[in-house]
Amino acid sequence: MESLFDSINVRDLLSAQDLSDPNSPLSAPDLRLLIQRLESHSLQIRSQVQSYLVSHREDFARLFSLCNDAVSQTREVSDDVTAILRLLSDRPIDAEVRDIVSEMKAKKEELKVKKELLGLVGTVVALNQRLESVREALKSGRFEFAAQGLKELKVALRIGEENDREPLVYGLLRKEWSQCFEEIQEVLMKFMEKAVRFDGDLNQVEVKYHLEVENVNGIQLHTVVEAMDVVGILEYGLAKVADLMIKYVITPFVNHGQPLSFLEELHQESALLKIVPSLDSKFEYLDGEFLYSGILLFIKFIYRSICFQKSSWMQCFGRLTWPRISELIISTFLSKVVPTDASKLPDFQKIIVCSSEFETALKELMYISASDDKDNRLSNFAENVEVHFAFKKKTEILAKARNLLLECDFSIPQEYTRDGSVWKSDETSVQSSSHVVDLLFLSERCLVSKAAKQLMELVHQTLQDVCLSSTRVALEFYHTARDAILLYEVVVPVKLERQLNGINHVAVLLHNDCLYLSQEIFGFAFEYRTDFPSSMKEHAVFVDLAPRFQLLAEEILQRQVHLVIYNLKEAIDGADGFQNTHQMKQFESAKFSIDQVVFILEKVHIIWEPLLLPSTYRRSMCTVLESVFSRIARDILLLDDIAAEETLQLQRLIYLMLENLLSLFESLAPGEQNLHEFSAESLEDFIPSLRKIRKLSELLDMPLKSITASWENKELLSCGFTITEVEDFIKAIFTDSPLRKDCLWRIQNPSF
């Protein structure tokens with residue numbers, strides 16, 4: 001039967017010899033032969049199939065029967081499925097199943113929650129029982145058990161990690177824990193108070209090892225300290241002890257006028273530390289060895305009696321006391337033995353060594369940290385003695401400078417104020433006078449306050465120390481010199497504010513002080529810079545200070561000038577514009593104003609001339625006179641109607657004023673010249689309005705044609721008159737006439 005399914009090769013059915021060539025075409029006979037042979041082969045296959053079916057008839061019958069049974073079973077299954085579907089569609093059992101499943105799930109969740117609640121209740125009960133056991137332990141004196149319980153409960157209750165979503169009962173338990181914590185803290189603090197007692201009468205400290213408080217007896221001090229450590233209140237518990245130790249032991253020991261020493265007594269139940277006078281009453285804390293040994297004995301007492309040689313407890317006590325003890329040693333001992341002279345700095349080395357050895361001993365006792373350099377407070381201070389020496393010197397210098405400025409009354413002897421030639425002459429020695437100084441860059445002498453001269457002497461001395469000191473000390477001294485100079489700017493103007501608001505000697509003296517200070521500051525660089533330490537030469541400058549004092553000097557001077565001008569203005573205002581001076585009352589009023597002007601100017605002359613430098617005096621006085629003469633000339637020229645008698649009275653007032661100011665004019669002559677040698681023209685060059693007011697006095701008594709001629713030859717113009725002033729003046733004095741019109745036309749048209 002397998003041969004039926006073999007493949008048939010068409011070429012095997014042909015016999016042509018040329019079929020060996022696959023590319024050769026078939027002839028018609030070959031095709032007919034091929035068809036016949038295929039038909040014959042088909043008949044053979046058909047015959048074989050029929051024979052096979054006949055021989056296997058029973059097998060095929062069983063196969064067909066089996067297929068028929070499978071089809072029947074499939075139909076039955078289809079009918080069953082159809083019935084089930086019909087049943088489900090008539091009654092929704094799937095919804096019932098879903099409800100049952102949901103109910104089972106809810107019951108499981110409820111069971112889980114109840115189990116969790118049951119666990120929570122168990123935890124709460126256990127925590128509450130532990131809290132009760134802590135309370136019971138606290139009442140019975142079992143502090144170690146109570147402290148350990150509180151520590152564990154702190155973790156269990158997550159103290160400090162509160163959450164809003166937590167059960168309310170946790171808040172109540174935390175509250176209970178806090179109450180227990182406060183109770184144990186209060187009880188432990190009572191035991192500490194009983195354990196360490198200070199007796200001021202006997203000057204001793206007693207530490208008891210066996211304690212009793214409120215019917216709780218037999219408690220060991222070690223147990224109390226251990227409990228405080230476990231609970232986390234060791235630092236709080238030792239803080240009061242530390243404060244009392246500082247107050248009653250360390251402070252008296254360090255501050256006592258005579259050296260003291262400690263005497264330690266150890267007993268089975270207690271330990272005593274007594275403060276007793278030193279056997280050698282003449283001994284002093286010169287090198288710190290005796291002081292350090294006494295404090296070390298005190299620290300060892302604490303190490304054995306209170307901290308029980310436990311490092312963590314000792315470190316805690318050290319953190320509470322060492323900053324204050326070290327500060328006390330520095331302020332009462334080390335700072336006082338800092339050398340006041342640079343030559344004594346090597347002698348301080350022994351104190352440096354003692355301080356270092358003392359701190360090493362404290363590290364061995366674990367009182368201070370061996371790794372933290374910040375705890376080496378005494379060594380750091382002692383090793384920086386140069387800085388402390390410079391700081392101490394700086395404090396002394398600035399205090400001295402401040403006292404100079406505050407104690408000085410800025411007064412000067414009367415012989416200097418009456419006649420400036422007394423101190424300006426070469427006969428007066430600058431060294432012998434406390435007020436006369438030479439100005440370095442002006443080649444003149446100046447009268448200054450005693451405070452300014454002494455301040456500058458102090459600054460010079462400080463700068464000399466800069467040249468002789470090390471770089472660190474020199475830098476501090478350099479800043480000290482600057483600060484001392486700046487003290488004048490800060491202190492004096494505030495101290496003398498009232499005097500600066502008036503016209504007096506003090507204000508002028510302050511001007512001279514500032515001028516003198518600026519000159520000296522300019523000279524510092526030439527005098528000291530070359531001798532400064534090399535690292536400071538480029539950075540140490542004073543030139544920035546000099547302009548400040550120059551500006552302050554000019555500000556004070558200008559303030560005086562403005563005050564004088566203001567007073568003169570008020571005096572001139574009293575003349576009411578010099579109107580109607582032909583009337584006796586008005587003339588007297590104007591004359592009084594002129595007398596007031598002369599009086600003020602003479603007062604200023606008396607104050608300024610002896611004190612100010614000649615050039616400064618001349619410049620300032622000329623400024624004042626210029627304002628006076630220009631104001632009087634302007635007021636007279638503003639008069640719109642001047643009677644004939646009025647011109648004479650105005651002329652008289654001008655002559656009177658100029659005559660009374662002759663001594664003032666003479667003081668303005670430069671050098672040794674007097675007023676006759678110092679021509680009027682020269683004086684008028686400094687005071688242009690003087691020329692104008694003198695010419696105005698002439699115009700008041702001059703004919704109209706002469707006035708016109710003076711304008712035409714530009715004489716009036718050179719005196720400072722304007723064309724408007726000349727025209728108004730002519731109109732005010734002369735009545736309207738053809739001559740006046742002609743003169744006014746000639747003035748207005750000079751080209752014709």
Side-chain angles (χ1 to χ4, degrees), residues 1-126 155-158 161-170:
M1 188 66 184
E2 289 81 1
S3 62
L4 294 176
F5 300 98
D6 293 338
S7 61
I8 301 174
N9 190 350
V10 176
R11 293 184 182 277
D12 295 339
L13 299 178
L14 298 176
S15 60
Q17 297 298 325
D18 55 354
L19 286 179
S20 58
D21 185 5
N23 297 324
S24 62
L26 295 176
S27 61
D30 291 334
L31 291 175
R32 283 194 294 270
L33 179 60
L34 179 61
I35 293 172
Q36 292 176 358
R37 289 182 176 179
L38 287 173
E39 290 178 354
S40 175
H41 191 70
S42 174
L43 290 174
Q44 290 178 359
I45 293 172
R46 195 178 296 171
S47 175
Q48 290 178 357
V49 169
Q50 185 178 5
S51 298
Y52 182 82
L53 290 175
V54 172
S55 61
H56 294 81
R57 183 174 178 278
E58 293 181 1
D59 295 332
F60 278 104
R62 286 194 300 271
L63 178 62
F64 292 147
S65 175
L66 182 62
C67 291
N68 186 39
D69 293 341
V71 171
S72 299
Q73 290 176 2
T74 302
R75 288 177 180 173
E76 291 177 0
V77 170
S78 176
D79 293 340
D80 292 340
V81 170
T82 302
I84 291 173
L85 292 175
R86 188 180 299 110
L87 180 63
L88 292 175
S89 61
D90 295 340
R91 186 179 179 184
I93 192 171
D94 58 332
E96 294 180 5
V97 172
R98 186 170 61 252
D99 293 342
I100 293 172
V101 171
S102 299
E103 184 178 356
M104 290 176 63
K105 189 174 181 181
K107 293 294 183 181
K108 287 182 178 180
E109 291 292 334
E110 184 179 353
L111 180 61
K112 182 180 179 181
V113 171
K114 288 183 177 180
K115 286 182 178 180
E116 291 178 353
L117 289 175
L118 185 61
L120 176 61
V121 170
T123 302
V124 170
V125 171
V155 177
L157 293 173
R158 296 196 296 276
E161 301 176 8
E162 290 78 3
N163 193 330
D164 295 338
R165 300 174 60 184
E166 291 178 341
L168 180 61
V169 68
Y170 265 78

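Position 1 is the first residue of the sequence, and the numbers go up from there. Just so it is clear, the values below take in all heavy atoms, side chains as well, and ignore hydrogens, waters and symmetry mates.
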>> Show me the pairs that pass side-chain hydrogen bond (donor to acceptor under 3.5 Å, both in side chains) and involve residues 63-76, at least two apart or across chains.
In response: none
> How about L43 and E39: do any of their side-chain heavy atoms sit closer than 4.5 Å?
Replying inline: no
> Can you name the residues that form a salt bridge (Lys or Arg N to Asp or Glu O under 4.0 Å) with R57, not counting sequence neighbours?
Replying inline: none
> Can you check whether R37's main-chain N or O pairs, donor with acceptor, with H41's side chain at less than 3.5 Å?
Replying inline: no
>> Checking the side chain of S42 only, and the main-chain atoms of L38 only, is there a donor and an acceptor separated by less than 3.5 Å?
In response: no
> Okay, side chain of T82, backbone of S78: is any donor-acceptor separation there less than 3.5 Å?
Replying inline: yes
>> Checking the side chain of S47 only, and the main-chain atoms of Q44 only, is there a donor and an acceptor separated by less than 3.5 Å?
In response: no
> Looking at residues at least two apart in the chain, or sitting in another chain, which of them share a side chain to side chain donor-acceptor pair (under 3.5 Å) with R62?
Replying inline: D59
